[in-house]
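Residue numbers begin at 1 in each chain, while the letters A, B, ... track the order of the sequences. Just so you know, these numbers come straight off a predicted model, no measurement behind them.
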Number of protein chains: 2
Amino acid sequence: MSNVNKRPKTVTALDAITADLVAVLVAVTDGHPKIMTIEHAGALPSGPFQFAHRSLQMGLRAWVEAQTGHPLGYVEQLYTFADRGRSGDPDAPHRISISYLGLTREEEGREGADAQWSSWYDYFPWEDHRDGPPAILAKIIAPRLKAWARAAEEPALQKTRWRRAAITFGLDGREWNEELALQRYELLYEALLIPESVREQGGEAAVPGRAMAGDHRRILATGIARLRAKIKYRPVVFELMPDEFTLLQLQRSVEALAGRLVHKQNFRRLIEQQELVEETGAMAADTIGRPAKLFRFRQGILAERAVVGTKLPLSRS
Amino acid sequence: MSNVNKRPKTVTALDAITADLVAVLVAVTDGHPKIMTIEHAGALPSGPFQFAHRSLQMGLRAWVEAQTGHPLGYVEQLYTFADRGRSGDPDAPHRISISYLGLTREEEGREGADAQWSSWYDYFPWEDHRDGPPAILAKIIAPRLKAWARAAEEPALQKTRWRRAAITFGLDGREWNEELALQRYELLYEALLIPESVREQGGEAAVPGRAMAGDHRRILATGIARLRAKIKYRPVVFELMPDEFTLLQLQRSVEALAGRLVHKQNFRRLIEQQELVEETGAMAADTIGRPAKLFRFRQGILAERAVVGTKLPLSRS
DNA sequence: CCATATTATGCTCAAGGAGAGTATAAATGG
DNA sequence: CCATTTATACTCTCCTTGAGCATAATATGG
């Protein structure tokens with residue numbers, strides 16, 4: 001153990017490592033959760049890591065703002081990937097990818113030629129349960145996972161596999177848990193049901209859902225899972241909202257991210273009792289039905305809530 | 001934006017980056033939360049990053065087991081630090097530190113010459129509230145933070161500073177929140193009240209608590225905060241327990257990590273109703289008072305609970 | 001003008017969970 | 001036997017949460 005803390009004194013070519021940033025930039029535009037993509041919606045924005053800033057956070061912030069013109073509201077580090085074989089070429093220089101989650105608002109005409117906003121459900125069609133469980137689940141995913149489970153040699157493994165599938169995808173009468181987005185992707189990956197794993201290890205059919213370069217879709221799944229967990233106890237949704245909004249718009253944004261519906265009255269109760277918002281005095285125009293009050297996020301509450309906590313109602317049942 | 005995704009083709013010396021792993025290895029020995037340290041308890045175990053494994057997780061696992069002989073139960077990535085100026089020398093090769101949290105059991109005679117187990121409250125004496133708020137809080141920390149707040153130029157900033165201090169440290173009648181360990185460290189760092197920041201930016205007095213090399217104490221604080229949050233909804237405590245244990249021993253371990261006490265009866269109620277444990281049939285020997293039943297962790301439940309969730313009672317009041 | 005659709009908003013209720021307290025049981029050491 | 005210590009079983013109350021009912025305010029089509 002005594003040699004563990006010896007730090008390398010020199011950097012040789014053999015040690016060569018490159019690091020880059022990968023960003024999951026999220027916005028919600030009238031009920032659609034979007035992510036910034038490049039390469040014809042086939043990759044997440046990424047770029048070589050620069051040490052020009054005091055911290056990774058600030059580096060990412062500056063980088064995103066320079067590249068996209070979007071100010072970044074909330075930033076959070078997601079995960080650092082350095083798995084061998086990510087590039088496919090064993091002699092390639094080792095690459096570490098540090099991924100971040102960032103929240104913004106979609107703004108018109110800000111994207112570059114290569115950059116665009118894409119709905120994240122294009123990549124994960126099984127994740128949107130706002131209109132009930134998507135047909136693809138029962139029709140395609142469940143049967144294939146069952147086949148995968150049955151393909152195991154030992155009966156014990158068959159059972160374990162199927163139980164895992166049932167838990168993560170809410171099959172066999174189990175509840176759907178929207179926070180398991182990453183586990184679901186990883187399970188499909190392991191079962192060779194998505195192009196990314198088929199590409200690497202060879203396999204047959206894939207499940208619907210747009211693929212991405214490298215492991216970008218895994219990174220996106222990580223971001224979705226993290227954000228879905230976070231909105232339940234931190235007021236991060238507000239970063240995605242315009243300055244003024246109705247409570248229904250706020251609710252729709254939460255639902256868009258969570259991929260499931262929320263009880264309207266209870267949602268309002270929770271929002272109001274936590275004093276997260278205040279009335280602007282104005283009413284929403286151009287709406288169907290009874291006009292709604294406009295609200296704005298209470299800035300004063302931010303400092304406190306950012307540390308402590310907030311609750312949003314997302315039932316598990 | 002179109003140049004964002006261009007990956008660097010060659011690695012030049014200018015790009016040189018080194019990566020290393022830093023581990024927060026936690027064990028609990030009869031009520032004392034311990035971490036593995038090296039360099040006379042002045043640093044966390046760390047070492048150059050090897051790409052010899054399929055993933056960072058597995059790399060860390062193999063590395064820790066080789067170095068310490070400890071099998072690693074639970075492993076979780078904490079954070080990747082790459083702040084400029086971490087080494088002090090601006091010409092030094094850039095270093096990225098990927099930190100991990102690992103849970104084990106302390107075992108006799110396994111440590112190397114340089115490695116030892118240290119109580120984590122040696123580094124964060126203000127974090128242990130099992131015997132009520134530590135005296136150091138009211139006597140030393142609160143006054144110094146008040147002075148720091150008052151030292152601000154503008155009255156508004158003074159107020160903001162003090163409010164932040166009060167929230168994170170539970171002052172002014174606010175509740176203590178054990179999960180804010182990282183925020184507390186960062187606040188003290190910012191207020192130049194700990195050796196690490198004084199060392200960097202110059203300052204006066206420091207608050208009690210052992211310092212560590214580099215930003216290791218920040219990493220440790222990150223690990224503590226993460227673990228304290230995690231034990232409330234994932235059954236990770238069991239990784240720290242021996243094969244058989246009494247419910248009180250289990251409770252004491254939770255309390256050691258959380259740094260606060262738990263209502264005994266409610267703790268048992270929650271543990272039992274979740275079917276996390278099963279009786280071994282044996283009773284604890286060599287105890288004072290009425291002998292307690294011995295329990296073991298229900299292995300069967302692991303697969304399910306690892307995905308879903310568990311609750312441990314840690315009141316906020 | 002009225003019926004209908006659509007959204008906003010206020011209120012109630014029942015079940016479950018969480019925090020806290022009481023009471024009793026089983027051991028040990030004097 | 002008594003004090004002490006730990007184990008274990010219940011109970012009670014408050015709060016939260018999920019869910020539904022009822023009503024208000026607007027627009028539209030007939």
TODO: Please report, rounded to the nearest Å, how far the P atom of D:dT8 is from the CD atom of B:Gln251.
DONE: 12 Å
- [ ] Please list, chain by chain and in numerical order, all residues satisfying salt bridge (charged side-chain N to carboxylate O under 4.0 Å, His left out) with B:Lys159, sequence neighbours excluded.
- [x] none
TODO: Could you state the atom-to-atom distance from CZ of A:Arg260 to P of D:dG18 in whole Å?
DONE: 10 Å
Open item on the list: Measure CZ/B:Arg268 against P/C:dT24 and give the value in whole Å, please.
Closed with: 18 Å
- [ ] Measure from the side-chain heavy atoms of B:Arg269 and tell me the nearest of D:dG18, D:dC12, C:dG21.
- [x] D:dC12
Open item on the list: My understanding is that only residues two or more places apart in sequence, or in another chain, count here; which of them pass salt bridge (charged side-chain N to carboxylate O under 4.0 Å, His left out) with A:Arg290?
Closed with: none
Open item on the list: Could you work out, with ring-ring contact (aromatic ring centres under 6.0 Å, His included) as the rule, every residue matching B:Tyr121, not counting sequence neighbours?
Closed with: none
- [ ] Given side-chain contact (heavy atoms from CB on, under 4.5 Å), test A:Glu127 with A:Tyr185 step by step and report yes or no.
- [x] CA-CA 10 Å; A:Glu127 292 289 344; A:Tyr185 177 81; over 6 Å; no
- [ ] Check step by step if side-chain contact (heavy atoms from CB on, under 4.5 Å) holds for B:Glu178 and B:Lys232.
- [x] CA-CA 12 Å; B:Glu178 75 279 356; B:Lys232 290 185 191 163; 2.6 Å; yes
- [ ] Return the set of residues passing ring-ring contact (aromatic ring centres under 6.0 Å, His included) with A:Tyr123 (not counting sequence neighbours), or none when no residue passes.
- [x] none
Task: Which nucleotide in C:dC11, D:dA19, C:dA20 has an atom nearest any side-chain atom of A:Asn266 - done: D:dA19
TODO: Starting from P on D:dT6, measure out to CG on B:Leu247 and report it in whole angstrom.
DONE: 15 Å
Task: Nucleotide D:dT5, atom P - distance to CZ of B:Arg252 in whole Å - done: 13 Å
Open item on the list: My understanding is that only residues two or more places apart in sequence, or in another chain, count here; which of them pass side chain to side chain contact (heavy atoms under 4.5 Å, CB included) with A:Gln77?
Closed with: A:Leu56, A:Thr80, A:Ile98, A:Tyr100, B:Tyr79, B:Thr80
- [ ] Could you please name the option among D:dT8, C:dA8, C:dC11 that lies closest to any side-chain atom of A:Gln265?
- [x] C:dC11
Task: Footprint string (nucleotides 25-30 of chain D, 5' to 3'): B base within contact, S backbone only, - free, heavy atoms under 4.0 Å - done: BB----
TODO: Report the distance from atom CG of A:Leu270 to atom P of D:dG18, rounded to the nearest whole Å.
DONE: 9 Å
- [ ] Rounded to the nearest angstrom, tell me the gap between atom NZ in B:Lys264 and atom P in C:dA23.
- [x] 17 Å
TODO: Counting heavy atoms from C-beta on, name the nucleotide in C:dT7, D:dA7, C:dT9 closest to the side chain of A:Leu248.
DONE: C:dT7
Open item on the list: In whole Å, I'd like the distance from the CG atom of B:Leu250 to the P atom of D:dT6.
Closed with: 17 Å
